[in-house]
Amino acid sequence: MAEVEVPNATREALNATLRATLAVTTKLVAPTPAKPILPVQTGVEAQQEEQSSGMTIFFSLLVLAICIILVHLLIKYRLHFLPESVAVVSLGILMGAFIKIIESQKLANWKEEEMFRPNMFFLLLLPPIIFESGYSLHKGNFFQNIGSITLFSVFGTAISAFIVGGGIYFLGQAEVIYKLNMTDSFAFGSLISAVDPVATIAIFNALNVDPVLNMLVFGESILNDAVSIVLTNTAEGLTRDNMSDVSGWQTFLQALGYFLKMFFGSAALGTLTGLISALVLKQIDLRKTPSLEFGMMIIFAYLPYGLAEGISLSGIMAILFSGIVMSHYTHHNLSPVTQILMQQTLRTVAFMCETCVFAFLGMSIFSFPHKFEMSFVIWCIVLVLLGRAVNIFPLSYLINFFRDHKITPKMMFIMWFSGLRGAIPYALSLHLGLEPIEKRQLIGTTTIIIVLFTILLLGGGTMPLIRLIDIEDSKARRRNKKDITLSKTEKMGNTIESEHLSELTEEEYEAQYIKRQDLKGFMWLDAKYLNPFFTRRLTQEDLHHGRIQMKSLTNKWYEEVRQGPSGSEDDEQELL
C-alpha cells in the first residue's frame, strides 16, 4: 500500500497543534500542591499571633477574676435580691464603657481582646455548662417526669420558635418591621427561644417550690437549650441548601427529618457514650488511683461532643445525655474522693464559663457595630413574651390532666415570668451566617437587647415577685426572709448531693430498690436490670477501703490546719 505524503506545511501545523494540546492538557491535569495542615506562620507573624493570643487570654482571665470578686461581695454582704447573672452583666456593661472611653482617648486598643468569639463559646465554654447541668440532675425526679419534661422542652420550644419566627415573617411581609425570609425568621425564632436555666433555677430555689415542679422547670430549661440549638441548626441547614424550587410542605418535611435525626441521633450517641464509660469504669477498677479515675471521667465527659460534631450531629445534645447517663451509672463506679472531686470540679468550671459569657455579653454593647430598629425590637419582645405564654399555659393545663402534682395558675405565671434569655441566644446570633451584613447586625443587636431586657428587667423583678407571693402565702406558712437567696454559687457551694455519695452493697441495694412495689415503667426496669448491669455492687471491703481513703485525706487536711499559724484550741473545737 502506497504511503500518502503529507506536505511539510501541513505536518508542521499538526505538530504545533499537538504541542499546544499537550501543554493545555498537562496544565489541566497537573496536581495542585497540597495545602499545609496548619497555617504557615513564621518569624514576625508567629510572634504577633502569639502576643495577640496571650493578651486575649490575659484579658479574659482579668475579666473573670473581677467577676469572681463581685460574686464574692454579693454573698458576703448578703445582697440576695440581686441574681448573679444580673450583677455580672451589669459589670460587663460598665467594663465595656470604660474600655470604650480608653480607646476613644487612644490610650489603648483592646478591640480584638474584648470581641466575643462564637467558636470559643461552642467549643470551650458551652460544653462544660451543659454537661454539668445534666450531671447535677436529680435523676429520680427527672426520669419520673421525663414525659412532662419532654413535652415542655421539645413541643414547647417548637411552639415558641414558630410563634416568634412566624410573627416576624408575616409582620415583615406586611412591611411593619424589617423584612426577613422564612428560614431567617425561623432561625431567629429558634435561637431566641433558648431559656437561661441559671436564672430560672435561682428563682425556684428562692421560692422553695415543690421538688417535682422544680424538676419540671429545670429539666425543661436544660433540654430547651439543646432543642433550641438543634432547631437553629436546622434553619441554617435550610438556608445553606437551595430551597427555591421546593414547596412549603416539602421544606417542612425536610426540616422535620433533619431535626429528628439531629435530636435522636445525638441523644443516642450521648447515651451510648455514657453507658460505655460506666462499663469501662466498672470493669477497670481505678478506685485506688483517683488521679487516673478522674482523668478518665474528664475524657468521657468531652468525648461525645467532639464525636457528634465530627459526624454532623449536635454535640450539645450528645453531651447533655452523656452527662445524665454518666451521673446515673458511671458516677457510682467511682471512689468517694473522685465523686466529690468530679462534682466540685464541674460546678467550678461551669460557674467560670457562665460568668465569662455573661460578662462578655455586657461588654458586647460596645464591642461591635449595631443596627437598631425600634419597631423590630418592640415586636420581637412582644412575640417572645407571647410565645413563652403559649408554651407554658396550654401545655401546663394539658399536663395537669395526667399528673397528681398539679401546676397551679400562680406557678404557671412564675414559669412564664422566669423565661429569661441568656448566653445561648447571644452566641447563636453571632454564629448565624446571614447575608447581607446589615441583617446579621440587626439580628445580633436585637438579640442583645432582648437578653438584657429579660435579665435586667425580669431578673431584677424576681425579688418583688417573691415578696408578693410570700405576702399571699404568709397565712399558710411563715418563712424567714433571710433564707431567700438568688445566688446559685452560694447554694451549690453549701451542698453536696447525697445521692452522688451513696455506696450500697448488693444486699442493701436489693432491699432498697428491687423489692419496692411502687416502682413502675422505666424506674422498675432500671432498678431491676440496668443499674445492676452498669454499676458495681460494692463489697464490705470496698466500703472499708473508701472510708479509710476519705478518713486519711481528712486527717491530713486537719493536721495541716492545726499546724497553721492561726491554729488554736478554739479553732479545733469549732472544727470538731
Side-chain angles (χ1 to χ4, degrees), residues 56-57 60-61 64 85 116-137 142 153 190-191 194-198 201 218-219 221-233 236 262-263 265-278 294-328 330-331 341-361 422-431 488 492:
T56 302
I57 294 173
S60 302
L61 294 177
L64 195 56
S85 57
F116 185 84
R117 293 172 174 82
N119 288 337
M120 180 182 70
F121 174 78
F122 284 103
L123 291 176
L124 298 179
L125 299 181
L126 186 58
I129 297 173
I130 299 297
F131 185 83
E132 192 273 337
S133 299
Y135 203 84
S136 62
L137 274 177
F142 178 80
S153 58
S190 300
L191 70 89
V195 179
D196 175 31
V198 179
I201 299 309
F218 187 40
S221 61
I222 293 173
L223 282 176
N224 161 271
D225 290 338
V227 172
S228 178
I229 292 173
V230 173
L231 286 174
T232 306
N233 292 337
E236 278 193 290
M262 293 284 286
F263 185 90
S266 304
L269 177 62
T271 303
L272 180 62
T273 305
L275 294 177
I276 291 175
S277 71
F294 180 70
M296 185 67 75
M297 285 292 289
I298 294 298
I299 291 173
F300 273 110
Y302 203 84
L303 190 67
Y305 184 87
L307 179 59
E309 291 293 330
I311 60 177
S312 300
L313 292 176
S314 173
I316 297 303
M317 186 70 72
I319 203 172
L320 171 63
F321 277 84
S322 175
I324 295 173
V325 173
M326 289 179 67
S327 177
H328 190 62
T330 313
H331 189 88
L341 180 62
M342 190 72 185
Q343 192 172 338
Q344 295 301 323
T345 300
L346 289 177
R347 287 176 175 176
T348 302
V349 174
F351 161 75
M352 295 178 68
C353 293
E354 290 171 352
T355 304
C356 186
V357 173
F358 279 119
F360 276 93
L361 173 62
I424 291 179
Y426 166 58
L428 286 173
S429 67
L430 299 181
H431 198 259
K488 179 188 176 185
M492 298 296 282

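Reckoned from all heavy atoms, side chains included, excluding hydrogens, waters and symmetry mates.
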S.K.: Which residues satisfy the side chain to side chain contact (heavy atoms under 4.5 Å, CB included) test with Pro128, sequence neighbours excluded?
M.R.: Val349, Cys353
S.K.: Kindly give the heavy-atom pair with the smallest separation between Tyr426 and Phe360, and that separation in Å.
M.R.: OH-O, 3.7 Å
S.K.: Distance check, rounded to the nearest 0.5 Å: His328 atom NE2 versus Thr271 atom OG1?
M.R.: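 Rounded to the nearest 0.5 Å, the NE2-OG1 separation comes out at 12.0 Å.
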S.K.: Nearest 0.5 Å please: distance from the OG1 atom of Thr330 over to the CG atom of Leu275.
M.R.: 7.5 Å
S.K.: Give me the atom names and distance for the closest heavy-atom approach of Gly274 to Ser277.
M.R.: O-OG, 2.6 Å
S.K.: What distance separates Leu346 CG from Tyr135 OH, expressed to the nearest 0.5 Å?
M.R.: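 The CG atom of Leu346 sits 6.5 Å away from the OH atom of Tyr135.
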S.K.: Could you tell me the separation between the CD1 atom of Ile129 and the CE atom of Met352, rounded to the nearest 0.5 Å?
M.R.: 12.0 Å
S.K.: Taking the side chain from Ser190 and the backbone from Ser228, do they hold a donor-acceptor pair closer than 3.5 Å?
M.R.: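 Flag not set: sc Ser190 to bb Ser228 has no pair under 3.5 Å.
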S.K.: Pairs of donor and acceptor atoms involving the side chains of residues 297-321, under 3.5 Å and at least two apart or interchain, shall be tabulated with distances.
M.R.:
residue, atom, partner, partner atom, Å
Tyr302, OH, Leu123, O, 2.4
Tyr305, OH, Phe122, O, 2.3
Glu309, OE2, Gly315, N, 3.0
Ser314, OG, Met317, N, 3.3

S.K.: Return yes if some donor-acceptor pair links the side-chain N/O of Thr348 with the main-chain N/O of Gln344 below 3.5 Å, else return no.
M.R.: yes
S.K.: Give, for atom CZ of Phe131 and atom OG of Ser136, the distance between the pair rounded to the nearest 0.5 Å.
M.R.: 10.0 Å
S.K.: What are the two closest non-hydrogen atoms of Ser153 and Leu223, and how far apart are they?
M.R.: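 Reported closest heavy-atom pair: CB-CB, 3.4 Å.
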S.K.: For residues Asp225 and Ala194, report the shortest heavy-atom separation together with the two atoms involved.
M.R.: OD1-CB, 3.9 Å
S.K.: So, taking the atom named CD in Glu132 and the one named CD in Gln343, what distance separates them when rounded to the nearest 0.5 Å?
M.R.: 9.0 Å
